[in-house]
Amino acid sequence: MTLADEAITWYDANARDLAWRQPETTPWGVLVSEVMLQQTPVVRVEPAWRSWMTRWPTPADLAAEPQSEAVRMWGRLGYPRRAMRLHACAQAIVERHGGTVPDDLDQLLALPGVGTYTGRAVAAFAYGQRHPVVDTNVRRVVSRVVEGKPDAGPATTAADLVAMEELLPEEPARAARASIAFMELGAVVCTARAPKCVACPFHDVCAWRLTGLPLPDGPSRKPQRYAGTDRQVRGLLLEVLRQATGPVPRQRLDLVWTDEVQRARALAGLVEDGLVESLGAEDFVLAGDAPRGAVNQLS
DNA sequence: AATCCGTGGAC
DNA sequence: TGTCCAAGGAT
(Lines give C-alpha, C1' and ligand atoms only; values in the text may rest on other atoms or scores of the structure.)
Protein backbone atom coordinates (compact mmCIF):
# COMPACT_ATOMS: atom_id res chain seq x y z
CA MET A 1 0.00 0.00 0.00
CA THR A 2 1.27 3.43 -0.93
CA LEU A 3 0.69 6.50 1.22
CA ALA A 4 -2.01 7.58 -1.22
CA ASP A 5 -3.75 4.21 -0.97
CA GLU A 6 -3.67 4.39 2.81
CA ALA A 7 -5.03 7.92 2.76
CA ILE A 8 -7.87 6.98 0.42
CA THR A 9 -8.86 3.98 2.52
CA TRP A 10 -8.90 6.18 5.60
CA TYR A 11 -10.87 8.88 3.80
CA ASP A 12 -13.48 6.42 2.53
CA ALA A 13 -14.25 5.52 6.13
CA ASN A 14 -13.81 8.91 7.79
CA ALA A 15 -14.65 11.73 5.39
CA ARG A 16 -16.86 14.47 6.78
CA ASP A 17 -20.22 14.82 5.09
CA LEU A 18 -19.71 18.37 3.84
CA ALA A 19 -22.34 20.06 1.71
CA TRP A 20 -20.12 20.63 -1.33
CA ARG A 21 -19.03 17.00 -1.35
CA GLN A 22 -22.48 15.80 -2.39
CA PRO A 23 -22.33 14.14 -5.81
CA GLU A 24 -24.77 16.64 -7.32
CA THR A 25 -22.50 19.60 -6.58
CA THR A 26 -21.63 21.45 -9.77
CA PRO A 27 -18.16 22.74 -10.71
CA TRP A 28 -19.46 26.20 -9.81
CA GLY A 29 -20.40 24.90 -6.39
CA VAL A 30 -16.92 23.46 -5.97
CA LEU A 31 -15.34 26.75 -7.03
CA VAL A 32 -17.49 28.77 -4.63
CA SER A 33 -16.61 26.41 -1.78
CA GLU A 34 -12.90 26.63 -2.51
CA VAL A 35 -12.91 30.42 -2.54
CA MET A 36 -14.92 30.59 0.67
CA LEU A 37 -12.53 28.13 2.31
CA GLN A 38 -9.52 30.33 1.62
CA GLN A 39 -8.54 31.14 5.20
CA THR A 40 -12.03 30.58 6.61
CA PRO A 41 -12.93 27.48 8.67
CA VAL A 42 -15.34 24.85 7.37
CA VAL A 43 -17.90 25.42 10.11
CA ARG A 44 -18.37 29.03 9.08
CA VAL A 45 -18.38 28.28 5.36
CA GLU A 46 -21.11 25.64 5.29
CA PRO A 47 -24.17 27.87 5.94
CA ALA A 48 -22.75 30.64 3.75
CA TRP A 49 -22.16 28.22 0.89
CA ARG A 50 -25.73 26.91 1.08
CA SER A 51 -27.18 30.40 1.00
CA TRP A 52 -24.92 31.47 -1.83
CA MET A 53 -25.69 28.46 -4.00
CA THR A 54 -29.41 28.82 -3.41
CA ARG A 55 -29.36 32.41 -4.53
CA TRP A 56 -26.81 32.04 -7.33
CA PRO A 57 -26.85 28.45 -8.59
CA THR A 58 -24.83 29.36 -11.69
CA PRO A 59 -22.08 31.85 -12.55
CA ALA A 60 -24.55 33.74 -14.77
CA ASP A 61 -26.91 34.26 -11.83
CA LEU A 62 -24.17 35.97 -9.84
CA ALA A 63 -22.74 37.86 -12.80
CA ALA A 64 -26.14 39.46 -13.40
CA GLU A 65 -26.13 41.19 -10.03
CA PRO A 66 -24.02 44.09 -8.74
CA GLN A 67 -20.84 43.36 -6.85
CA SER A 68 -22.35 44.94 -3.75
CA GLU A 69 -24.82 42.08 -3.47
CA ALA A 70 -21.97 39.58 -3.48
CA VAL A 71 -20.17 41.50 -0.76
CA ARG A 72 -23.37 41.64 1.31
CA MET A 73 -24.03 37.95 0.86
CA TRP A 74 -20.45 37.25 1.86
CA GLY A 75 -21.34 38.66 5.26
CA ARG A 76 -18.68 38.13 7.89
CA LEU A 77 -16.69 35.35 6.22
CA GLY A 78 -13.71 37.69 6.17
CA TYR A 79 -11.44 39.02 3.41
CA PRO A 80 -14.34 40.55 1.49
CA ARG A 81 -12.28 41.07 -1.61
CA ARG A 82 -12.74 37.35 -2.11
CA ALA A 83 -16.41 38.17 -2.69
CA MET A 84 -15.44 40.92 -5.08
CA ARG A 85 -13.18 38.57 -7.01
CA LEU A 86 -15.71 35.77 -7.02
CA HIS A 87 -18.17 38.17 -8.59
CA ALA A 88 -15.58 39.19 -11.18
CA CYS A 89 -14.81 35.51 -11.64
CA ALA A 90 -18.47 34.77 -12.43
CA GLN A 91 -18.50 37.55 -14.99
CA ALA A 92 -15.30 36.25 -16.57
CA ILE A 93 -16.77 32.75 -16.74
CA VAL A 94 -19.80 34.13 -18.55
CA GLU A 95 -17.76 36.28 -20.92
CA ARG A 96 -14.91 33.91 -21.71
CA HIS A 97 -16.48 30.51 -21.22
CA GLY A 98 -20.18 30.89 -21.98
CA GLY A 99 -21.17 30.53 -18.34
CA THR A 100 -19.44 27.17 -17.80
CA VAL A 101 -16.63 26.85 -15.28
CA PRO A 102 -13.62 25.90 -17.43
CA ASP A 103 -12.02 22.50 -16.92
CA ASP A 104 -8.63 23.60 -18.22
CA LEU A 105 -6.15 24.43 -15.47
CA ASP A 106 -4.59 27.38 -17.26
CA GLN A 107 -7.99 28.88 -17.95
CA LEU A 108 -8.95 28.38 -14.32
CA LEU A 109 -5.74 30.05 -13.13
CA ALA A 110 -6.52 33.06 -15.33
CA LEU A 111 -9.75 33.75 -13.41
CA PRO A 112 -9.85 36.45 -10.71
CA GLY A 113 -9.22 35.11 -7.23
CA VAL A 114 -8.15 31.71 -8.51
CA GLY A 115 -4.57 30.87 -7.59
CA THR A 116 -2.39 27.78 -7.51
CA TYR A 117 -4.41 26.01 -4.89
CA THR A 118 -7.94 26.90 -6.00
CA GLY A 119 -7.36 26.26 -9.69
CA ARG A 120 -5.98 22.80 -9.04
CA ALA A 121 -8.68 22.03 -6.52
CA VAL A 122 -11.41 22.76 -9.06
CA ALA A 123 -9.67 20.82 -11.84
CA ALA A 124 -9.24 17.83 -9.54
CA PHE A 125 -12.39 17.84 -7.41
CA ALA A 126 -14.90 19.11 -9.95
CA TYR A 127 -13.44 17.53 -13.07
CA GLY A 128 -11.50 14.55 -11.77
CA GLN A 129 -8.21 15.55 -13.32
CA ARG A 130 -4.81 14.46 -12.11
CA HIS A 131 -3.18 17.57 -10.68
CA PRO A 132 -1.35 17.85 -7.37
CA VAL A 133 -3.51 19.92 -5.01
CA VAL A 134 -1.39 21.41 -2.28
CA ASP A 135 -2.83 23.44 0.55
CA THR A 136 -1.69 24.09 4.10
CA ASN A 137 -3.04 20.71 5.24
CA VAL A 138 -1.27 18.73 2.54
CA ARG A 139 1.99 20.55 3.15
CA ARG A 140 1.81 19.80 6.86
CA VAL A 141 1.00 16.11 6.36
CA VAL A 142 3.76 15.58 3.82
CA SER A 143 6.22 17.58 5.87
CA ARG A 144 5.59 15.42 8.92
CA VAL A 145 5.06 11.99 7.43
CA VAL A 146 7.67 12.11 4.69
CA GLU A 147 10.23 14.66 5.83
CA GLY A 148 9.90 14.27 9.59
CA LYS A 149 9.54 18.01 10.08
CA PRO A 150 6.87 19.34 12.45
CA ASP A 151 5.73 22.12 10.13
CA ALA A 152 5.85 23.07 6.48
CA GLY A 153 6.93 26.29 4.87
CA PRO A 154 4.53 29.21 4.77
CA ALA A 155 3.47 28.94 1.13
CA THR A 156 3.10 26.39 -1.64
CA THR A 157 6.22 26.11 -3.77
CA ALA A 158 6.94 24.43 -7.07
CA ALA A 159 8.89 21.81 -5.12
CA ASP A 160 5.77 21.05 -3.06
CA LEU A 161 3.80 20.41 -6.25
CA VAL A 162 6.47 18.07 -7.60
CA ALA A 163 6.69 16.18 -4.31
CA MET A 164 2.93 15.75 -4.18
CA GLU A 165 2.70 14.77 -7.81
CA GLU A 166 5.02 11.84 -7.10
CA LEU A 167 2.75 10.61 -4.36
CA LEU A 168 -0.38 10.55 -6.52
CA PRO A 169 -1.82 7.40 -8.10
CA GLU A 170 -1.78 7.31 -11.88
CA GLU A 171 -5.51 7.11 -12.44
CA PRO A 172 -6.89 10.68 -12.46
CA ALA A 173 -10.04 10.09 -10.42
CA ARG A 174 -8.03 8.23 -7.82
CA ALA A 175 -5.36 10.93 -7.77
CA ALA A 176 -8.05 13.50 -7.02
CA ARG A 177 -9.37 11.32 -4.23
CA ALA A 178 -5.89 11.00 -2.78
CA SER A 179 -5.56 14.78 -2.71
CA ILE A 180 -8.83 15.30 -0.88
CA ALA A 181 -7.84 12.50 1.48
CA PHE A 182 -4.52 14.13 2.38
CA MET A 183 -6.31 17.42 2.92
CA GLU A 184 -8.92 15.84 5.15
CA LEU A 185 -6.25 14.07 7.14
CA GLY A 186 -4.49 17.36 7.76
CA ALA A 187 -7.75 19.06 8.66
CA VAL A 188 -9.02 16.58 11.23
CA VAL A 189 -6.13 14.33 12.34
CA CYS A 190 -2.72 15.77 11.49
CA THR A 191 -3.70 19.18 12.79
CA ALA A 192 -1.39 22.10 13.46
CA ARG A 193 -1.92 21.86 17.20
CA ALA A 194 -2.49 18.64 19.15
CA PRO A 195 -2.39 16.17 16.25
CA LYS A 196 -4.35 12.96 16.86
CA CYS A 197 -1.57 10.52 15.98
CA VAL A 198 -3.42 7.57 17.53
CA ALA A 199 -6.12 7.98 14.89
CA CYS A 200 -3.72 8.44 11.98
CA PRO A 201 -3.37 5.85 9.23
CA PHE A 202 0.30 6.84 8.99
CA HIS A 203 0.91 6.17 12.69
CA ASP A 204 3.51 3.47 12.08
CA VAL A 205 5.34 5.06 9.17
CA CYS A 206 5.31 8.76 10.01
CA ALA A 207 8.88 10.09 10.04
CA TRP A 208 7.93 12.83 12.46
CA ARG A 209 6.41 10.42 14.98
CA LEU A 210 9.17 7.84 14.58
CA THR A 211 11.75 10.49 15.50
CA GLY A 212 9.87 11.48 18.64
CA LEU A 213 7.66 14.35 17.43
CA PRO A 214 10.44 16.95 17.51
CA LEU A 215 9.37 20.52 18.11
CA PRO A 216 9.89 23.22 15.49
CA ASP A 217 13.41 24.60 15.61
CA GLY A 218 14.37 28.22 15.24
CA PRO A 219 12.16 31.25 15.68
CA SER A 220 8.60 30.89 14.43
CA ARG A 221 7.56 33.58 12.07
CA LYS A 222 5.91 36.70 13.29
CA PRO A 223 2.29 36.30 14.30
CA GLN A 224 -0.08 38.49 12.35
CA ARG A 225 -1.53 41.22 14.49
CA TYR A 226 -5.10 42.26 13.96
CA ALA A 227 -6.28 44.54 16.76
CA GLY A 228 -5.54 48.12 15.86
CA THR A 229 -4.55 47.44 12.26
CA ASP A 230 -6.01 48.92 9.11
CA ARG A 231 -7.62 45.57 8.50
CA GLN A 232 -9.71 45.96 11.62
CA VAL A 233 -10.74 49.47 10.62
CA ARG A 234 -11.60 48.34 7.10
CA GLY A 235 -13.72 45.59 8.58
CA LEU A 236 -15.61 48.05 10.76
CA LEU A 237 -16.21 50.42 7.86
CA LEU A 238 -17.35 47.70 5.52
CA GLU A 239 -19.72 46.28 8.10
CA VAL A 240 -21.53 49.62 8.23
CA LEU A 241 -21.70 49.81 4.44
CA ARG A 242 -22.97 46.23 4.13
CA GLN A 243 -25.86 47.04 6.42
CA ALA A 244 -26.76 50.25 4.65
CA THR A 245 -29.47 50.42 2.01
CA GLY A 246 -28.51 53.87 0.76
CA PRO A 247 -25.55 56.26 0.74
CA VAL A 248 -23.73 56.49 4.06
CA PRO A 249 -22.55 59.96 5.13
CA ARG A 250 -18.94 60.32 6.15
CA GLN A 251 -20.02 61.35 9.65
CA ARG A 252 -21.56 57.94 10.14
CA LEU A 253 -18.32 56.25 9.15
CA ASP A 254 -16.37 58.53 11.48
CA LEU A 255 -18.02 56.77 14.40
CA VAL A 256 -16.32 53.42 13.82
CA TRP A 257 -12.76 54.48 14.71
CA THR A 258 -11.39 57.43 16.60
CA ASP A 259 -8.01 57.80 14.89
CA GLU A 260 -8.85 60.09 12.00
CA VAL A 261 -5.68 59.46 10.04
CA GLN A 262 -6.03 55.72 10.17
CA ARG A 263 -9.74 55.90 9.45
CA ALA A 264 -9.17 57.98 6.35
CA ARG A 265 -6.40 55.65 5.18
CA ALA A 266 -8.60 52.60 5.64
CA LEU A 267 -11.50 54.15 3.75
CA ALA A 268 -9.24 55.29 0.94
CA GLY A 269 -7.88 51.77 0.76
CA LEU A 270 -11.33 50.29 0.40
CA VAL A 271 -12.08 52.71 -2.44
CA GLU A 272 -8.72 51.95 -4.04
CA ASP A 273 -9.42 48.24 -3.84
CA GLY A 274 -12.81 48.62 -5.52
CA LEU A 275 -14.89 47.57 -2.53
CA VAL A 276 -16.32 51.03 -1.83
CA GLU A 277 -17.38 53.96 -3.99
CA SER A 278 -17.71 57.58 -3.03
CA LEU A 279 -20.71 59.65 -4.06
CA GLY A 280 -19.46 63.18 -4.08
CA ALA A 281 -16.98 63.59 -1.25
CA GLU A 282 -19.25 63.03 1.71
CA ASP A 283 -21.25 59.89 0.93
CA PHE A 284 -20.14 56.33 0.45
CA VAL A 285 -21.67 53.07 -0.75
CA LEU A 286 -20.58 49.52 -1.36
CA ALA A 287 -19.17 49.42 -4.87
CA GLY A 288 -22.00 48.49 -7.20
CA ASP A 289 -24.70 50.14 -5.13
CA ALA A 290 -24.35 53.52 -6.76
CA PRO A 291 -26.93 54.58 -9.32
CA ARG A 292 -25.34 54.64 -12.75
CA GLY A 293 -23.43 57.88 -13.30
CA ALA A 294 -23.49 58.90 -9.66
CA VAL A 295 -19.98 57.84 -8.79
CA ASN A 296 -17.37 60.50 -8.25
CA GLN A 297 -14.45 59.20 -10.28
CA LEU A 298 -11.83 61.33 -8.58
CA SER A 299 -12.35 60.52 -4.96
C1' DA B 1 10.01 37.28 -0.67
C1' DA B 2 7.53 39.68 2.55
C1' DT B 3 3.19 41.95 3.50
C1' DC B 4 -1.28 42.94 3.30
C1' DC B 5 -5.92 41.48 3.37
C1' DG B 6 -11.18 39.86 7.97
C1' DT B 7 -13.22 37.20 11.26
C1' DG B 8 -14.08 34.19 15.02
C1' DG B 9 -13.12 30.16 17.87
C1' DA B 10 -10.00 27.31 20.79
C1' DC B 11 -6.66 27.17 24.19
C1' DT C 1 -6.01 38.09 27.66
C1' DG C 2 -3.18 37.24 23.98
C1' DT C 3 -1.76 33.97 20.71
C1' DC C 4 -2.43 30.87 17.10
C1' DC C 5 -4.60 29.46 13.16
C1' DA C 6 -8.36 28.32 9.51
C1' DA C 7 -9.00 24.34 1.92
C1' DG C 8 -4.86 31.46 -0.19
C1' DG C 9 -4.30 35.28 -3.51
C1' DA C 10 -2.24 39.43 -5.19
C1' DT C 11 1.37 42.47 -5.31
Side-chain angles (χ1 to χ4, degrees), chain A residues 11 15-16 18-21 29-49 71 74-86 88-89 108-126 131-141 150-158 160-161 164 176 179-188 190-195 216 220-242 256-257 262 265-266 268-270 272-276:
Chain A
Y11 181 81
R16 289 169 294 176
L18 303 178
W20 46 87
R21 289 182 180 168
V30 173
L31 174 54
V32 172
S33 77
E34 295 300 345
V35 173
M36 287 185 170
L37 287 162
Q38 292 167 4
Q39 304 286 280
T40 300
V42 164
V43 290
R44 289 172 52 205
V45 165
E46 277 222 79
W49 183 84
V71 172
W74 196 255
R76 303 186 64 82
L77 284 183
Y79 292 145
R81 43 192 193 185
R82 288 183 293 161
M84 180 179 68
R85 289 176 181 144
L86 189 51
C89 185
L108 285 164
L109 293 173
L111 296 170
V114 176
T116 303
Y117 164 74
T118 303
R120 292 165 176 280
V122 172
F125 305 148
H131 296 290
V133 181
V134 177
D135 74 332
T136 184
N137 291 305
V138 172
R139 291 204 314 279
R140 185 173 54 249
V141 170
D151 288 302
T156 302
T157 65
D160 292 332
L161 293 176
M164 191 60 202
S179 290
I180 194 71
F182 276 104
M183 287 175 59
E184 187 78 349
L185 202 48
V188 304
C190 193
T191 49
R193 287 178 298 188
S220 58
R221 68 178 199 289
K222 312 165 172 102
Q224 268 199 110
R225 292 262 176 273
Y226 178 65
T229 63
D230 286 4
R231 282 155 69 198
Q232 182 181 16
V233 183
R234 287 166 58 111
L236 294 169
L237 291 169
L238 214 51
E239 174 61 9
V240 172
L241 292 164
R242 274 198 304 265
V256 308
W257 198 254
Q262 188 175 24
R265 184 173 67 231
L270 288 169
E272 173 73 17
D273 289 352
L275 281 161
V276 171

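No hydrogens, no waters, no symmetry mates; every other heavy atom, side chains included, goes into these values. Throughout, protein chains are lettered first and strands after them, A, B, ... in sequence-line order, and every chain is numbered starting at 1.
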Item to complete: Have a look at A:R242 and say if it touches a base, only the backbone sugar-phosphate, or nothing, with a 4.0 Å heavy-atom cut-off.
Response: sugar-phosphate
Worksheet entry | Under 3.5 Å donor-acceptor pair, A:Q224 side-chain atoms to B:dC5 base atoms | yes
Response to the item:
Rounded to whole Å, CG of A:L275 lies from C1' of B:dC5 at a distance of 10 Å
Fill in: Nucleotide B:dT7, atom P - distance to CZ of A:R81 in whole Å
13 Å
Practice prompt. Looking only at side-chain atoms of A:Y79, point me to the closest of C:dC5, B:dC5, C:dA7.
Written response: B:dC5
Worksheet, complete the sentence: To the nearest angstrom, the CD-C1' distance between A:E184 and C:dA6 comes to 14 Å
Fill in: Student check: side-chain heavy atoms of A:I180 and A:R21 closer than 4.5 Å
yes
Worksheet item: Can you tell which of B:dC5, C:dA10, C:dG8 lies closest to the side chain of A:Q39?
Response: C:dG8
Worksheet item: Atom NE2 of A:H131 and atom CG of A:L108: how far apart are they, to the nearest 0.5 Å?
Response: 8.5 Å
Worksheet item: Reckon A:W20 touches a base, only the sugar-phosphate, or nothing at all at heavy-atom distances under 4.0 Å?
Response: base
Practice prompt. Return no unless some side-chain N or O of A:R85 is found under 4.0 Å from OP1 or OP2 of C:dT11.
Written response: no
Discussion item. Can you measure A:E34 atom CD to C:dA7 atom P for me and round it to whole angstrom units?
Written reply: 11 Å
Worksheet item: How would you label the contact of A:L18 with the nucleic acid (heavy atoms, under 4.0 Å): base, sugar-phosphate, or nothing?
Response: base
Discussion item. With rounding to the closest Å, how many angstrom separate the C1' atoms on B:dA2 and C:dA7?
Written reply: 23 Å
Worksheet item: CD/A:Q38 to OH/A:Y79 distance, rounded to the nearest 0.5 angstrom?
Response: 10.5 Å
Practice prompt. With DNA chain C as reference, determine whether A:V114 or A:D151 sits nearer its 5' end, using the nearest nucleotide of each.
Written response: A:D151
Practice prompt. Name all residues meeting the side chain to side chain contact (heavy atoms under 4.5 Å, CB included) criterion together with A:A266; count only those two or more places apart in sequence or in a different chain, and write none if there are none.
Written response: A:V233, A:R234, A:L237
Worksheet item: What nucleotide among C:dA7, B:dC5, C:dG8 has an atom nearest to a side-chain atom of A:R231?
Response: B:dC5
Worksheet item: Does the side chain of A:T118 get closer than 4.0 angstrom to OP1 or OP2 of C:dG9 through an N or O atom?
Response: yes
Worksheet item: What does A:S33 touch in the nucleic acid at a heavy-atom separation under 4.0 angstrom: a base, only the sugar-phosphate, or nothing?
Response: nothing
Worksheet item: From A:L241 CG over to A:L270 CG, what is the distance, rounded to the nearest 0.5 angstrom?
Response: 8.0 Å
Discussion item. Mind checking if A:L77 touches a base, just sugar-phosphate, or nothing, with heavy atoms under 4.0 Å?
Written reply: base
Discussion item. Tell me whether the side-chain N or O atoms of A:T40 pair up with the base of B:dG6 as donor and acceptor below 3.5 Å, since no angle test is needed here.
Written reply: yes
Worksheet item: With a 4.5 Å heavy-atom cut-off, do A:R82 and A:R85 have their side chains touching?
Response: no
Discussion item. Side chains of A:Y117 and A:V134, heavy atoms from C-beta outward: is any pair under 4.5 Å?
Written reply: no
Worksheet item: Do the side chains of A:T118 and A:L31 get nearer than 4.5 Å, heavy atoms only?
Response: yes
Worksheet item: In whole angstrom, what separates A:M84's CE from C:dA10's C1'?
Response: 10 Å
Practice prompt. Quickly work out the A:R82 CZ to C:dA10 C1' distance and round it to whole Å.
Written response: 14 Å
Worksheet entry | A:L108 CG to C:dG9 P, straight-line distance once rounded to whole Å | 12 Å
Response to the item:
Looking only at C:dA7, B:dG6, C:dA6, the nucleotide nearest the A:R234 side chain is B:dG6
Between the protein and nucleotides 8-11 of chain B, which nitrogen or oxygen pairs are less than 3.5 angstrom apart?
from  : atom 1 : to    : atom 2 : distance (Å)
B:dG8 : OP1    : A:R76 : NE     : 2.5
B:dG8 : OP2    : A:R76 : NH2    : 2.9
B:dG8 : O4'    : A:R44 : NH1    : 3.4

Worksheet item: Contact class for A:A121 (heavy atom, under 4.0 Å): base, sugar-phosphate, or nothing?
Response: nothing
Worksheet item: Using a cut-off of less than 4.0 Å, is there contact between a side-chain N or O of A:R225 and OP1 or OP2 of C:dT3?
Response: yes
Item to complete: Looking at every strand, decide which applies to A:R21 at a 4.0 Å heavy-atom threshold: base, sugar-phosphate, or nothing.
Response: base
Worksheet item: Separation of A:Q38 atom CD from B:dT7 atom P, in whole Å?
Response: 16 Å
Item to complete: Could you tell me which residues satisfy side chain to side chain contact (heavy atoms under 4.5 Å, CB included) with A:E46, sequence neighbours excluded, listed by chain and number?
Response: A:L18, A:A19, A:W20, A:V42, A:R50
Item to complete: Name the nucleic acid region contacted by A:G115, choosing base, sugar-phosphate or nothing; use a 4.0 angstrom heavy-atom cut-off, strictly under.
Response: sugar-phosphate
